[in-house]
Amino acid sequence: MNVLLSLLSDYTFLMVAAGTALLGGLCGILGSFAVLRRESLIGDAVSHASMPGIVLAWLFTGSKTTGILLAGAMLSGLVCLLLIRLIVRTSRLPFDCALALFLSVFFGGGMVLLTYAKRLPDAGHAGLDRYLYGQAGTLLAKDVAVCAAGGLLILLITFLFFKEFLLITFDADYARSAGLPVRALTLLLSLLLILLIVLGLQSAGAVFMSALLTAPAAAARQWTRSLKSMCFLAALFGALSGAAATAASCLIPGLPSGPAVICCVFGIAVFSLLFAPGRGILFCMIRRLLSGTERSPRHD
């Protein structure tokens, strides 16, 4: 109890917990659309593609201001996403092939640029690595405020276009026949996803953002058949994972917050896959055993 009270009175813990919980909740909401659209790895591609943008932003400006670096990350992720869409639309390459191609190219280019930056005589590159694996402990009040502002914008647009996003997610052909601009709405949803990934780079990192986008939504999918309920549960799972992982990283010396968040949300996903009523693996096994017992003939 004393440990909990000391954590709640710690300003640094409150800031980091607020930032990671907010990020986890937003990832749960947008990740639900990505999972249902079978585009979960879009987040993986965009997050990895952000690295060259971050390093180039520092090389050209010489500034490590969060806004400048994140602007470079967003531009790089947007270019990667547009190239993937263009290749799929104008060639015979399937979506997963184009995604894997540009993910590896952009991430490899980012690592080459980062290696080059580290060999420069000045030490201005220090701190760029945190965008690779995340370092939530470095979050300040201004960083949380930026994340909150971006999150509010994401929530507002998602709320305003929720019905349209629902239609293009489940039946794009019907949405097109109803006169909806499916391509523009898809691009808008992708832009929201890019913005969210950029906001989460500092705390979760490029490597772990894809898991944070996928795992809460995958866990929530096991418990409900409604998109609204799925978004709510995924946001709850993501927020709880962020707060719990922050507490664990504060209590356990040397435990990095980024991987801790992924471990927490992965635990929730595994529990949901096993025990969720109706869809859980163990639940289905027990139901089959019981149904087999009921159908088996009786022997007097």
Side-chain angles (χ1 to χ4, degrees), residues 23 25-50 53 70-71 73-103 105-107 150-201 206 209-218 220-221 225-232 234-235 238:
L23 176 64
L26 292 171
C27 284
I29 295 173
L30 288 188
S32 298
F33 291 100
V35 167
L36 292 175
R37 288 171 57 84
R38 298 181 180 181
E39 295 183 351
S40 304
L41 289 180
I42 279 287
D44 194 18
V46 173
S47 59
H48 283 74
S50 64
L70 294 186
M74 187 168 185
L75 181 60
S76 180
L78 179 60
V79 170
C80 176
L81 181 61
L82 292 178
L83 287 175
I84 291 173
R85 299 289 189 191
L86 179 64
I87 290 296
V88 172
R89 190 165 59 247
T90 59
S91 71
R92 295 185 178 181
L93 283 180
F95 175 77
D96 57 345
C97 181
L99 187 145
L101 174 65
F102 285 102
L103 183 153
V105 168
F106 272 75
F107 187 65
L152 183 61
L153 177 62
I154 292 172
L155 288 177
L156 179 61
I157 296 177
T158 304
F159 176 77
L160 291 176
F161 291 93
F162 187 82
K163 292 183 179 179
E164 288 79 3
F165 289 161
L166 186 149
L167 280 178
I168 66 172
T169 297
F170 288 103
D171 198 340
D173 293 333
Y174 174 76
R176 193 174 289 107
S177 65
L180 292 178
V182 175
R183 187 172 296 178
L185 289 170
T186 302
L187 179 60
L188 176 60
L189 190 57
S190 299
L191 288 175
L192 293 180
L193 192 63
I194 292 173
L195 176 59
L196 176 58
I197 291 171
V198 169
L199 291 175
L201 285 177
M209 272 303 297
S210 58
L212 194 56
L213 281 167
T214 305
R221 187 74 177 94
R225 297 179 182 271
S226 168
L227 179 58
K228 290 183 179 179
S229 301
M230 180 178 173
C231 289
F232 174 78

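All values below were derived from every heavy atom in this structure, side-chain atoms included, with hydrogens, water molecules and symmetry-related copies excluded.
- Closest heavy-atom contact between A217 and G28: CB-O, 4.4 Å.
- Shortest non-hydrogen contact noted between S190 and L81 is CB-CD2, 3.2 Å.
- Closest approach of V46 to G77, counting heavy atoms only: CG1-CA, 4.0 Å.
- Put simply, CD1 on I168 and CZ on R183 are 12.5 Å apart, with the number rounded to the nearest 0.5 Å.
- Taking every heavy atom of both residues into account, A235 and I29 meet most closely at CB-CG1, 3.8 Å.
- For the residue pair R85/T186, the side-chain donor-acceptor check at 3.5 Å is not satisfied.
- To the nearest 0.5 Å, atom CG of residue L99 and atom CG of residue L93 are 12.0 Å apart.
- Taking the side chain as every heavy atom from C-beta outward, M230 and L36 approach each other to under 4.5 Å.
- The closest donor-acceptor contact from the side chain of S76 to the backbone of A73 lies at 3.5 Å or more, if one exists at all.
- Under a 3.5 Å cut-off, the side chain of R221 and the backbone N or O of A234 do not form any donor-acceptor pair.
- Side-chain contact between L180 and Y174 is absent, with no heavy atoms from C-beta onward closer than 4.5 Å.
- The side-chain contact (heavy atoms from CB on, under 4.5 Å) with L78 is formed by just one residue from the set L191, L195, L83; it is L191.
- Side-chain contact check for L193 versus F33: every heavy-atom pair is 4.5 Å or farther apart.
- Within the 4.5 Å cutoff, the side chain of L82 has heavy atoms near those of the L187 side chain.
- Atom SG of C231 and atom CG of L155 lie 10.5 Å apart (nearest 0.5 Å).
- In this structure, the side chains of L167 and L185 stay at 4.5 Å or more apart for every pair of heavy atoms.
- Summarising the local packing, CZ of F95 is surrounded by more than 12 heavy atoms from other residues, nucleotides or ligands at distances under 6.0 Å.
- I197 is listed as a side-chain neighbour of L213, based on a closest heavy-atom distance under 4.5 Å.
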For F165 and L227, run side chain to side chain contact (heavy atoms under 4.5 Å, CB included): C-alpha distance rounded to whole Å, both residues' side-chain angles, the deciding distance at 0.1 Å, then the answer.
CA-CA 11 Å; F165 289 161; L227 179 58; over 6 Å; no
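- For R89, the CZ atom sits in a packed shell: over 12 heavy atoms of surrounding residues, nucleotides or ligands are nearer than 6.0 Å.
- Separation of atoms OG1 (T158) and CG (L153) is listed at 9.0 Å; rounding is to 0.5 Å.
- Residues L189 and F161 have side chains not in contact (no heavy-atom distance under 4.5 Å, counting atoms from C-beta outward).
- Between C80 atom SG and L103 atom CG the span is 7.0 Å, to the nearest 0.5 Å.
- Residues L199 and I154 meet the side-chain proximity criterion, which asks for heavy atoms closer than 4.5 Å.
- The shortest heavy-atom contact between L196 and M209 is O-CE, 4.1 Å.
- Scanning all heavy atoms of the two residues, the minimum distance from L30 to L192 falls at CD1-O, 3.5 Å.
- Separation of atoms CZ (F107) and OG (S47) is listed at 9.0 Å; rounding is to 0.5 Å.
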